[in-house]
Every structure is written in structure tokens, then in C-alpha cells.
Amino acid sequence: MQLTDEEKRMLNGEFAPGVQKAVELLVKLGDSFDAEKLVPISYGHISYDLCPEDFWNLMTEGVPPTPHLVTTHPSSQPETFKAWGLPVADQWVEEHERKLKRFKQLGWLRTETCAEYLLCMQVANNSLFGARVDRMGVLVSLAAAVSGRCPLMGLLLQENRYASHLVELDDLDVTDWTLSHYHCLGYYIGDQIPGFKPVAVNGLPPNLSFDFVRALVISMPTSGAVTLGHIVGSTPEAPTLEAALGNRKPEQVIRVGKQEMSETWERLNVRDDDIVEHVSFGCPHATIDEIGRISALLEGKKLKTSLLIGASVSVEALARHQGYAAIIEKAGGHFLPVCPSIGNPFTRRDIAGHKQAKSAATNSARSAHYLATVSGVKVFFGTEEECIKAAITGRWKGEIPKWK
Amino acid sequence: MEIRAHTVSAGKAEGQALVYKGPFSFMGDLDSTTGKIPVPRHLLEGENLANKVFVFTTGKGSSGGDCIAWMAKENGNMPSAIICLESEPVLSGAVIITGIPTVDRPEKDIFELIQTGDYVKVDATAGIIEIVGK
């Protein structure tokens, strides 16, 4: 790989030990993908809580505040978890505080944002905003944030951004579809696309709402490795099918019909009874529209289960200003800029201890997948309304949709 | 028998093969404290990956995969080597950071030639897979 003089000095340890280790890692990664060089990043997004502390210390050793913007993925909030009475949250407090202190010294911003920001949830940035970011792990993202560099590879290159795989909807009427339906479709698509291939989805109504497009693309890398999904008629690089495909023929056409949707919906449910102990929203982080709908459904109600809505710091603040947060909290729900799936404090035994919820309902395929696998709890997947009903009654009455 | 492949993460290792003809993510598909695959209804549910030569199709899933790999490595629960059809940057980053010898793009059909339980040597630096014993 060709390195600039400055990058060679980074690699020689002339800046900081952390910068040296970061560049070493990025060069090895770039070499394995035949990247010709490193390029500067304009923006980094990292997760300090997911990052094991010894790796965090290695990468940030001696590193001065960075000139480029860096924000953070939702972190754990052990002090709040403790206040909620989750017994094992204590063990995380010190590590969290140590990393957070270093994070702020670096001049990085504590946004606690999940899906819309660069480097971590790459698929949304590539697909919805046309930002250029390759698929990249949390630890590699930290290396990029520390050094301000990233290998020129994969989706940073225009020629790799055209869809090689095409999804066509077969006789599916999407008129009544909710967020959950788009989650389900995305989860099916991700499972069907081999490896790291851009995909185009054709046949949906044009100018689909932002929340629907986001639900669709975000579910793809849960069941697969899709990092760029063109939704024809809705996303910036797909005004037409031809533009999404770069005027080439797709390598493979995948058809999705009623049967595929039903099977996927069923597969997202992992349960043997109807008892719901927890309900999770905000995977990806809830938008203000979602929070408004949830608060309307919860007005004057009392919840039987615990309920967590994950949203970024800025959306949470807006929800408080709007009065939505007060309604949700009065009903007994919790509102916090954390990850409600992988880092859900109510379902994680290492945070909740003996108070761990053994079952959870969600309207997100991504959440269903990670609640079942990372927390190991029973999972109910259904619509927003079905989840709210479950939160109020503690019972699951959700059904597989009747596809039109 | 030898199969040539492309280097993802350098190094040499060997062990019993565990073959899965599907995609894999360290986040979700590996319990870093036990080395087992915890996924309900997964074909390899409950199988232990620790010290195996793990053969699968591609990487997938959350970008937190490299964090789980790091913790699994500290717990001694990483595969000894990885062979896959085509790596992707999250998987590649994870195996480079944890130093797990890994190759992809094998020149022959590994799912035809390698079965679970076969003894396999991987020289990832040279890009050579050697199937030693059935």
C-alpha cells in the first residue's frame, strides 16, 4: 500500500503509540483487500462501551484531540441502570467512567447515536445519504477515528457501489405495511444476498418514508452482510433501476412473495408461550415520529412489562420537549439513549442479574435477532401496536400478517 | 491434499474442521465466554468453535463482531484458523486484530473437500490449506 510521508511517520510511532497501532491495523486490513492507499476521513463514529478496555487503552494511548469530528454509538449507562434497580449494573460503572473521561479528552462528542451515523451502522449512511463508508468493525472504526484514516476500498469506490443483486417483490401489496413489515423484508433480503454485495430493491412505492427505508436497509446486515441497499425510487443513488444497477445486468434476481414474508416473520419469533416480560423499541434508534405514535398509544395506560425506547441524545431531548417522554414514563416506560437490542439492560443477565426479563417483544427484526442471540431470551416479533398491547397486558396476541 | 487460497490474516494453525455452509458473525453467532454457537435453530447450535478450523461461506452481521472476537480470544475461545469463501471487512478486521490465521477465496470447492472432523492445516501467510486426515 502507498503511504504518504505523514502516514509513514504515524506508522513509525512519531505521533503517538495509539496512532501507530491504529495505522498498523488499517494497513493490514487495507492490504488484505488490495487497497492502494489510505484516505482521510471527514467523520468518525465509534463505540467506546462495546470496545474492550484493554483495546481502547492500546488505541488511545498518547493520542491528542483529533481535528476531525468523532461521535459515539449508544453506550451503556450504568449509573442510570443502577437507579432502575438492575443489580449487576455496578460492575460496569468504573470502566465506563474511565473510557468516557478519555473519550471527552479526545474532543469527541457524546451523541449516543446509533443508526444514522458513520462507520458503525454503515448501511444507513451508504444507502440513505450516499455517504461513503465501507463495512467496518467497531474496533477498526476506533482505529480510523484515532488516526483519521481509512483504507480506500470497497464502498468508498464508485465502481463497487452499483447493485449486483436485485430483489423484486412478487405479488405483495404494501399499502398497509408498517415498520415491522419492512424490517421483515430486510431481514429476508439480508439472508439471501451472498456476502458483501450491494443490492437493489425494486417494486416499492416511490418516495417511501424515511422510517420505512431505514427499517428496510438496517435489517439487511443483521441476517447478512449487506452494506448498501438501493431502494429504487427512494434512495439517492437509485432514482431508477438502471442507475442502481449501473446499467448492468444483475448477477442474481431474488423474488420475495407472501410465503417468504410469512416464513421470515415466523422465524423472527422464538417462543413457546405468550408471556411477555419486556418490550423494546428503538432499533434502529427511534425517530420522533415513532416516539409520538408510541406515546399516543400509551396515554393514560399502565404497563405490566418493562419497556425501553432507545433514541439518540438529541431525539430524546426533543421527545422531552414535546411531552412524549413524560407520557411514556408515566405509563412506566423507560427512555434512554442506549442500544435496546445488543445492550438492552433489562434482558442482559450481566446487567439485570436475577431481574433479567426472560422474554421480550419488539417490532424490529434486528432487535429480535440480537435479543434472542446475545441476551438469549424468548422473543416476540410483531407490529408496534401488538408490542404496545403486550406491554400493557403482559401477554402476546400478535399474529403473522395476512399478506395481500 | 493442498488448496491454494488468499491471505486475510497471516499465521499458521491447524485443528479439526468444523464446516458450516452459511454466513457467520462473531456478534450473535459466538458466545465468547463458552466458545459455543448460541443461535436457536442454527444448524450448528451448541457446537464449540474453540480451537477448530472453522469453515464457512462469508462474514455477516453487526460491526461489533470484532469486539466479541477480542473477548473470545482472551477467553481462549476463538477458532484456531478460519477458511471462508469470501471475507468482508468486519470479519477481516476481527481476525487481523486477534491474529487468527485466515484465508478466503480458496481455489477449490472447500465444501466438497472438507468435512467436519477432518484434520486441516492452514498456512495463511503462504495461502495454503492442507487437508491432512479424514
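Numbers restart at 1 for each chain; the letters A, B, ... are given by sequence-line order, proteins then strands.
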Side chains of B/M27 and A/V138, heavy atoms from C-beta outward: is any pair under 4.5 Å? no
Rounded distance [0.5 Å steps], CD1 in A/I46 versus OG in B/S63: 12.0 Å
Under 4.5 Å from a heavy atom of chain B, the part of A/T227 involved: neither
Check: A/R135 side chain, B/K60 main-chain N or O, donor-acceptor pair, under 3.5 Å: yes
Counting only non-hydrogen atoms closer than 4.5 Å, does A/M153 touch chain B with its backbone (N, CA, C, O), its side chain (CB onward), both, or neither? side chain
Largest heavy-atom contact set with chain B, pairs under 4.5 Å, which of A/L25, A/D31, A/D191: A/L25
For A/K358, I'd like to know if atom NZ has over 12 heavy atoms of other residues, nucleotides or ligands within 6.0 Å. yes
Is any residue of residues 94-101 of chain B within less than 4.5 Å of chain A by heavy atoms, and which ones? B/I96, B/I97
Exercise: identify the closest heavy-atom pair between A/D134 and B/P89: OD2-CG, 3.3 Å
For chain A, find which of B/G65, B/P23, B/G93, B/S92 contributes the most heavy-atom pairs closer than 4.5 angstrom. B/S92
Of the backbone (N, CA, C, O) and the side chain (C-beta and beyond), which part of A/L371 lies under 4.5 Å from a heavy atom of chain B, both, or neither? neither
Tell me the residues of residues 30-42 of chain B whose non-hydrogen atoms fall below 4.5 Å from those of chain A, in number order. B/P38, B/V39, B/P40, B/R41
Report, as yes or no, whether the 6.0 Å neighbourhood of atom CD on B/E130 holds more than 12 heavy atoms from other residues, nucleotides or ligands. yes
Taking all non-hydrogen atoms of both residues, which atom of B/V90 and which atom of A/G137 are closest, and how far apart? CG2-N, 3.7 Å
Heavy-atom count around A/R98 CZ within 6.0 Å, excluding the residue itself: above 12? yes
How many angstroms lie between atom OG of A/S32 and atom CG of B/L91, to the nearest 0.5 angstrom? 9.5 Å
Proximity of residues 3-20 of chain B to chain A, residues having a non-hydrogen atom under 4.5 angstrom: B/H6, B/T7, B/V8
A/L26 versus chain B, heavy atoms under 4.5 Å apart: side chain, backbone, both or neither? neither
Is chain B contacted by the side chain of A/F33, its backbone, both, or neither, given a heavy-atom distance below 4.5 Å? side chain
Tell me, out of A/V374, A/L29, A/T222, who's got the most heavy-atom pairs with chain B below 4.5 Å. A/L29
Filtered by a 4.5 Å non-hydrogen cutoff, the part of residues 68-77 of chain B contacting chain A is B/W70, B/M71, B/E74
